[in-house]
Amino acid sequence: FSDLETNSDLNSDDFEYEDEAKLVIFPDHYEISLPNIEELPALVTIACDALLSAKSPYRKQDPDSWEEELQASKHAKTLVQLDNGVRIPPSGWKCSKCDLRENLWLNLTDGSVLCGKWFFDGSGGNGHAMEHYKETGYPLAVKLGTITPDGADVYSFDEEEPVLDPHIAKHLAHFGIDMLQMQVTENGLRDNDIKPRVSEWEVIQEAGVKLKPMYGPGYTGMKNLGNSCYLNAVMQAIFSIPEFQRAYVGNLPRIFDYSPLDPTQDFNTQMAKLGHGLLSGQYSKPPMKSELIEQVMKEEHKPQHSGISPQMFKAFISKGHPEFSSNRQQDAQEFFLHLINLVERNPVGSENPSDVFRFLVEERTQCCQSRKVRYTERVDYIMQLPVAMEAATNKDELIAYELKRREAEAARRPPPELVRAKIPFSACLQAFSEPSNVEDFWSSALQAKSAGVKTSRFASFPEYLVVQIKKFTFGLDWIPKKLDVSIDMPDFLDINHLRARGLQPGEEELPDIAPPIIIPDDPKALDIDESSVMQLAEMGFPLEACRKAVYYTGNLGAEVAFNWIIAHMEEPDFAEPLVIPAFGEVASSGAAGFGAVGLDNQPPEEMVAIIISMGFQRDLAIQALKATNNNLERALEWIFSHPELEEEIEPAMDMMNMANNANTNILAETGSEGPRIKDGSGRYELFGFISHMGTSTMSGHYVCHLKKEGRWVIYNDLRVCASERPPKDLGYIYFYHRIPS
């Protein structure tokens, strides 16, 4: 079975396969061909049939990921093309009804260039191509940017599927397009329209530079399973860290010996297996001389990349997750946190390798009117660094480029050479340390809403510092956008000046009083605070999940809603759209739009989260809600009238808090031991970074660069090569390790 994990093309048309199954009895190695009803007991036969009929991770993939043979369109032979004089330029296209320049389709009847439909993953357009078909009935369209001398992607609106057009060359020539001169591109530009090493795709992948393949332990590639490059990039970085190597690969014999009966469902077994594949060198060997000679004779000399296929690992780690279990592209930062969460929940040995990332954040919130402050601590794993666009050092060039781009767009000419905003790293670090406004701040000193500001500092420094550049944001239309910037990330980083100092002399703390809870009689009367939704969405969480979090926590702010997200992110309907119950549908218990009452009078989790956010223990919150038939206002009164119960529950909750360290960004535990941290100096050295190409986290491609044995190496799925020009200024997630004092 280990051979199935290598990069063998099981779908190749060059081979035919016959399945043969045998039951082998040890220790004599006696073989019985299956099926064999006569010789085997009934229970054994049933077990064998179940095993043979079970789907492996290789067959559980989305059927849409398997290629289907396209059929010729019934319209291709008789397609009528209008003689309207339309000529399509070789590049610089945009939708004739909107400004989109991606996912463009050329109607083969009248030459209209229109955008495709919008997809959930952030790609697509506004559906103008489909609207045009409904208005005109013109059936065939070709996707611009896919035209090559070998063919193009053609879609039939009438047949509602991709099709073949045997006469595509003739149909394109009608609009002045010569197939022999076209090359497939990502953004609709021909290869000779793009200046060398300007495109983000070219720079990050080091295109145009001859790269030397690397082989051996630690230089093993990973097959892309269809938009799984985010997983590949993160796992390459994770297994370059000695603590993870020791925890999983160093403990591999013990992990395998104690693995459960079904090792495919065991996190530590799958991590150890993947780590061994990446670090053993067994799947990263240079080709033999005889193979090279054969390639030269056939004029097919290309670097061979064996690598591993993380199919079983992906099937397990994404099980039950609405996003990672799909074949869509995902956010590498969100997957990193998901992985850390699983590592926390599945300890291996006495030490948890994820401890190297954990640090404490001190948040200082100040009421601008009373000047009083509140200090809180929370656990985090990533330093999120804002992009200080206003500090760009080439503003004049950016203004000139934008003017030229608009002129070229109006004249349907190829766009000018890209000018990327150059942002000093120091400006981003300064923006991180500056106070930020707290939306909808409720001051306990004033017992009313007021203006508030918040600053964040490091209460501890981690062994390994992960820095995320917040390149992704949302426009006014809620469409995710990416900031195409260049930041001079340093090889050596010193953030000791960001060390937290705690309550200072002369500062007065805000009273520890919770804000009043107001639940409307009509749940639809509760407006959703869009600013809180925006804050959560910019962290990388699905938009609908953010809306639900803000709604179910009663608009108490992004921080309370964040805790709701952490508590519910593993639920299957986490990213499903928010459905607000109609008036009269809410349970009579007083849930009032915060979720239906659970079985056996189990309080709604949303109401429990609200009480916990006020500083009360979970068990006390559940007990109070049950005692008041899940009425939130009466539950709060019940808690204040039973202060002796809080003292009884605290010791038991200390142990529970220690077990809950897995959740990311949760408020720091108040137990006697507190969260596990490895504090030390704030001086670091860069050893890796993950880069993203594309306009959204839900589309594009990820690549990882790691510094090994004194030189940079690029990990581009199966391709592992010595890096010649590591694009450190274009990264998305950076990995630093602490410099010993």
Side-chain angles (χ1 to χ4, degrees), residues 1-68 222-223 225-226 228 231 247-278 280 282-283 306-322 324-327 342-343 345-349 570 572 599:
F1 285 107
S2 63
D3 289 341
L4 293 178
E5 292 290 315
T6 61
N7 184 30
S8 300
D9 187 359
L10 301 182
N11 302 317
S12 174
D13 296 332
D14 298 336
F15 302 95
E16 293 182 0
Y17 296 93
E18 291 183 1
D19 291 331
E20 180 182 9
K22 293 181 180 180
L23 176 68
V24 184
I25 302 176
F26 292 97
D28 299 328
H29 209 278
Y30 180 69
E31 296 183 357
I32 302 176
S33 296
L34 298 177
N36 191 326
I37 302 176
E38 293 78 11
E39 294 186 42
L40 297 176
L43 286 177
V44 177
T45 300
I46 293 172
C48 291
D49 290 343
L51 179 63
L52 293 174
S53 61
K55 289 185 177 181
S56 73
Y58 304 94
R59 301 300 177 218
K60 287 182 180 178
Q61 295 189 78
D62 186 344
D64 293 338
S65 66
W66 298 87
E67 293 185 5
E68 298 179 3
M222 297 173 68
K223 185 178 181 181
L225 306 176
S228 66
L231 180 148
Y248 295 104
V249 182
N251 287 325
L252 184 141
R254 185 178 66 83
I255 293 174
F256 281 7
D257 287 344
Y258 291 95
S259 63
L261 291 176
D262 186 1
T264 66
Q265 301 304 309
D266 181 63
F267 176 76
N268 292 331
T269 301
Q270 294 304 314
M271 283 286 285
K273 175 185 172 186
L274 180 67
H276 176 265
L278 293 176
S280 66
Q282 294 182 15
Y283 307 101
S306 50
I308 60 174
S309 176
Q311 216 144 8
M312 192 174 292
F313 177 80
K314 184 180 186 296
F316 170 77
I317 201 170
S318 60
K319 184 179 65 174
H321 194 285
F324 299 134
S325 59
S326 71
N327 282 337
L342 291 175
V343 173
R345 287 159 47 186
N346 297 272
V348 52
E570 299 298 330
L599 298 176

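Note on ring orientation: taking the six-membered ring where Trp is involved, the planes of Phe316 and Phe267 are tilted (angle from 30° to 60°).
One finds the CG atom of Asn268 at 5.5 Å from the CD1 atom of Ile255 (value rounded to the nearest 0.5 Å). Here CG of Leu23 is found 10.0 Å from CG of Leu51. Values are rounded to the nearest 0.5 Å. For the atom pair Thr269 OG1 and Asp257 CG, the distance stands at 10.5 Å (nearest 0.5 Å). Here CG of Leu34 is found 6.0 Å from CG of Leu52. Values are rounded to the nearest 0.5 Å.
Residue Gln311 comes nearest to Leu225 through the heavy atom pair CA-CD1, 3.6 Å, listed as atom of the first residue, atom of the second, then distance. Across all non-hydrogen atoms, the minimal contact from Ala272 to Tyr248 is CB-O, 3.6 Å. The minimum heavy-atom distance between Asn346 and Leu342, with the atom names listed, is ND2-O, 2.7 Å. The two residues Gly275 and Val249 come nearest to each other via the heavy atoms C-CG2, 3.4 Å.
Within a 6.0 Å sphere centred on CG of Leu43, other residues, nucleotides and ligands contribute 12 heavy atoms or fewer.
Under the 4.5 Å side-chain criterion, counting only non-hydrogen atoms from C-beta, Tyr258 is not in contact with Asp266. In this structure, the side chains of Leu274 and Ile308 come closer than 4.5 Å at one or more pairs of heavy atoms.
Although no hydrogens or angles enter the test, the distance criterion places a donor-acceptor pair under 3.5 Å between the side chain of Gln270 and the main chain of Pro263.
Partners of Lys22 under the salt bridge (Lys or Arg N to Asp or Glu O under 4.0 Å) rule, at least two apart in sequence or in another chain, are Glu20, Glu31.
Using a 3.5 Å distance cut-off with no hydrogens or angles, the side chains of Gln265 and Lys319 do pair a donor with an acceptor.
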